[in-house]
There are 2 protein chains.
Amino acid sequence: MNPEKKTQRQPTAVRKAQIKEAVLSIIFSQGLDQLSTRNLAKAVGISEGTIFRHYASKRDILLDILEDVKSGLLKDMAAIVQKEIPAQERLEQLFCKHISYLLENKGITILLFAEVAHLNDAELKSGLNDILNTQIQYIQNIIEDGISAGIWTDKFSLDDIGTLYLGMPVMMNIRITLSQEEAAPLNFCKRMLPLFEKILKK
Amino acid sequence: MNPEKKTQRQPTAVRKAQIKEAVLSIIFSQGLDQLSTRNLAKAVGISEGTIFRHYASKRDILLDILEDVKSGLLKDMAAIVQKEIPAQERLEQLFCKHISYLLENKGITILLFAEVAHLNDAELKSGLNDILNTQIQYIQNIIEDGISAGIWTDKFSLDDIGTLYLGMPVMMNIRITLSQEEAAPLNFCKRMLPLFEKILKK
DNA sequence: ATTGTTAGCAAGTGATTACTTACATAATAT
DNA sequence: ATATTATGTAAGTAATCACTTGCTAACAAT
């Protein structure tokens, strides 16, 4: 009658993926303080104890998600930076990839900022620092190329430009989290890019 | 020998101010998850029960801090918007006031973002939404004046410019929280302003 | 077939949380 | 002086947290 009543036994790789997905889903739709191991287990459809078969601690789950960002988003961004196309096109691809990744993984930014806020965990903190610095480094690489190619100005600090850049995806997340509208900023990347490019123009 | 050993009885207005100050201090220097009523009481130097003499709940303390932002920062910003000086000067004053307020109240931004992250409280959430929208409104007012005066371009959406603007203070806070360096961004306002103004130029 | 390993659950664990209760004393009003 | 109110504390409370324990059954290797 109900073939899905009993939990199916699954290999740890599958369960880990389910757990990480449930973490992001709970954070985005219910908020961080609903992310208890109890709720997490219920969302995956397993018992609380089973979570600890696959992860040694709740913290380990978050660290694993950070690794996914590094091997997912950051790898994609690195590939764009190294493309043999004009700096302007790379900038657009980089920014739009960045934005679409955040929209597809809506809990990620909140999770990262929660760690900024709680900040008592040195390893999580430095993991986040790595991610932000790597992203800034990628934009700076592209901008340096644009300056060398003579299309962009060199009168601003690359660090400040990086700060301004990162503010855009961060603000997008804050606003969709506050409004909880999923659909709105689909064209966010195309809308914001002209503003950012104007700063770079000679 | 030790005249400060026993806690002095204080009027509720004084205690409320001490409690709010301790909240921001704990958040900035120890992180959000150290903000328990136990730690809070210890920081103020009173017993845990006394906190609940002055505030009905922990949540009420946070709501009171939100009110302080409204009657402090937002009032100051409103006064700047209404000044009879060129839009360019008002923009600089508004932005630098915004930045210095955040540097003087270092726990504020983390507290606000924690609420974005936890977001299960409708009243806190809408209080934060009010603050962000008011700030965006103020910049938009100044920019509209600059456009009317013919010094700035009207080719970008005011909403998008507002998003870009707010990203700057937000990123500043993220970076000082991650690096925990207090001194660094004293000139943040003066450094970032030229980048932002370039977008507005005709 | 036997054995070892992996994935599962129910029912705990102690620690911590925000908050309450009962009672005491200081300040104020009458 | 006396009564009232405001501020204080110590010692609770029930609920929740991340995590553990003891046991079972599914699966894989030999």
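FYI, side chains are in, hydrogens and waters are out, and symmetry mates aren't considered; it's all heavy atoms of this structure. A note on names: the letters A, B, ... follow the listed sequences, proteins ahead of strands, and every chain is numbered from 1.
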Asker: Looking at A:Ser36, does any N or O in its side chain come under 4.0 Å of the phosphate oxygens OP1/OP2 on D:dC17?
Answerer: yes
Asker: I need the CD1-P distance between B:Ile46 and D:dA6, as an integer number of Å.
Answerer: 17 Å
Asker: For the pair A:Glu123 and A:Arg59, find out whether any cationic side-chain nitrogen is under 4.0 Å from an anionic carboxylate oxygen.
Answerer: yes
Asker: Ring centres under 6.0 Å, that's the criterion: do B:Phe196 and B:Tyr165 meet it?
Answerer: yes
Asker: With respect to the side chain of B:Lys58, which nucleotide from D:dG8, D:dC17, C:dC19 is positioned closest?
Answerer: C:dC19
Asker: Can you find a donor-acceptor pair, distance only, under 3.5 Å between A:Arg9 side chain and C:dT6 base?
Answerer: yes
Asker: Mapping B:Leu35 and A:Gly45 onto DNA chain C by nearest heavy atom, which one lands closer to the 5' end?
Answerer: A:Gly45
Asker: What's the verdict on salt bridge (Lys or Arg N to Asp or Glu O under 4.0 Å) for B:Lys16 and B:Asp64, showing C-alpha distance, side-chain angles and the deciding distance?
Answerer: CA-CA 9 Å; B:Lys16 279 185 165 182; B:Asp64 200 24; 5.2 Å; no
Asker: Does C:dT6 have OP1 or OP2 sitting under 4.0 Å from an N or O in the side chain of A:His54?
Answerer: no
Asker: So what does B:Arg38 touch, heavy atoms closer than 4.0 Å: a base, only the sugar-phosphate, or nothing?
Answerer: base
Asker: Round to the nearest Å and state the distance from A:Gln18 atom CD to C:dA7 atom P.
Answerer: 12 Å
Asker: Can you tell me how far P of D:dG8 sits from OH of B:Tyr55, to the nearest Å?
Answerer: 13 Å
Asker: Report the distance from atom NZ of A:Lys42 to atom P of C:dC9, rounded to the nearest whole Å.
Answerer: 15 Å
Asker: Which heavy-atom pair separates A:Lys125 from B:Leu178 by the least distance, and what is that distance?
Answerer: CE-O, 3.0 Å
Asker: Starting at atom CG of A:Leu32, determine the distance to atom C1' of D:dT16, rounded to an integer number of angstrom.
Answerer: 17 Å
Asker: Is a donor-acceptor contact shorter than 3.5 angstrom present between the side chain of A:Glu48 and the base of C:dC9?
Answerer: no
Asker: Could you give me the CA-CA distance, side-chain angles and deciding distance for B:Ile151 and B:Lys201, then say whether side-chain contact (heavy atoms from CB on, under 4.5 Å) is met?
Answerer: CA-CA 7 Å; B:Ile151 60 169; B:Lys201 276 197 191 104; over 6 Å; no
Asker: Using whole Å, what does the distance between atom C1' of nucleotide C:dT17 and atom CZ of B:Arg59 come to?
Answerer: 17 Å
Asker: Look at the side-chain N and O atoms of A:Thr37 and state whether any lies under 4.0 Å from the OP1 or OP2 oxygen of D:dC19.
Answerer: no
Asker: Verify the contact: side-chain N or O of B:Thr50 to OP1 or OP2 of D:dG8, cut-off strictly under 4.0 Å; return yes or no.
Answerer: no
Asker: Among C:dT20, D:dT7, C:dA7, which is the nearest nucleotide to the side chain of A:Arg53?
Answerer: C:dA7
Asker: Choose from C:dG8, C:dC9, D:dT7 the nucleotide whose nearest atom is closest to any side-chain atom of B:Pro11.
Answerer: D:dT7
Asker: What integer distance in Å separates B:Arg15:CZ from D:dT9:P?
Answerer: 7 Å
Asker: Nearest whole Å is fine: how far is D:dA18 C1' from A:Ile26 CD1?
Answerer: 15 Å
Asker: On DNA chain D, check which nucleotide each of A:Phe52 and B:Gln10 is closest to and give me the residue with the more 5' one.
Answerer: B:Gln10
Asker: Given A:Ile61 and A:Ile51, is the side-chain contact (heavy atoms from CB on, under 4.5 Å) satisfied, shown in steps?
Answerer: CA-CA 10 Å; A:Ile61 306 174; A:Ile51 289 177; 4.2 Å; yes
Asker: Pick the nucleotide of DNA chain D nearest each of A:Gln34 and A:Gly49; which residue has the one closer to the 5' end?
Answerer: A:Gln34
Asker: What contact category does A:Ile51 fall into here, base, sugar-phosphate, or nothing, at under 4.0 angstrom with non-hydrogen atoms?
Answerer: nothing
Asker: Does a side-chain N or O from B:Ser47 land closer than 4.0 Å to OP1 or OP2 of D:dA10, or not?
Answerer: no
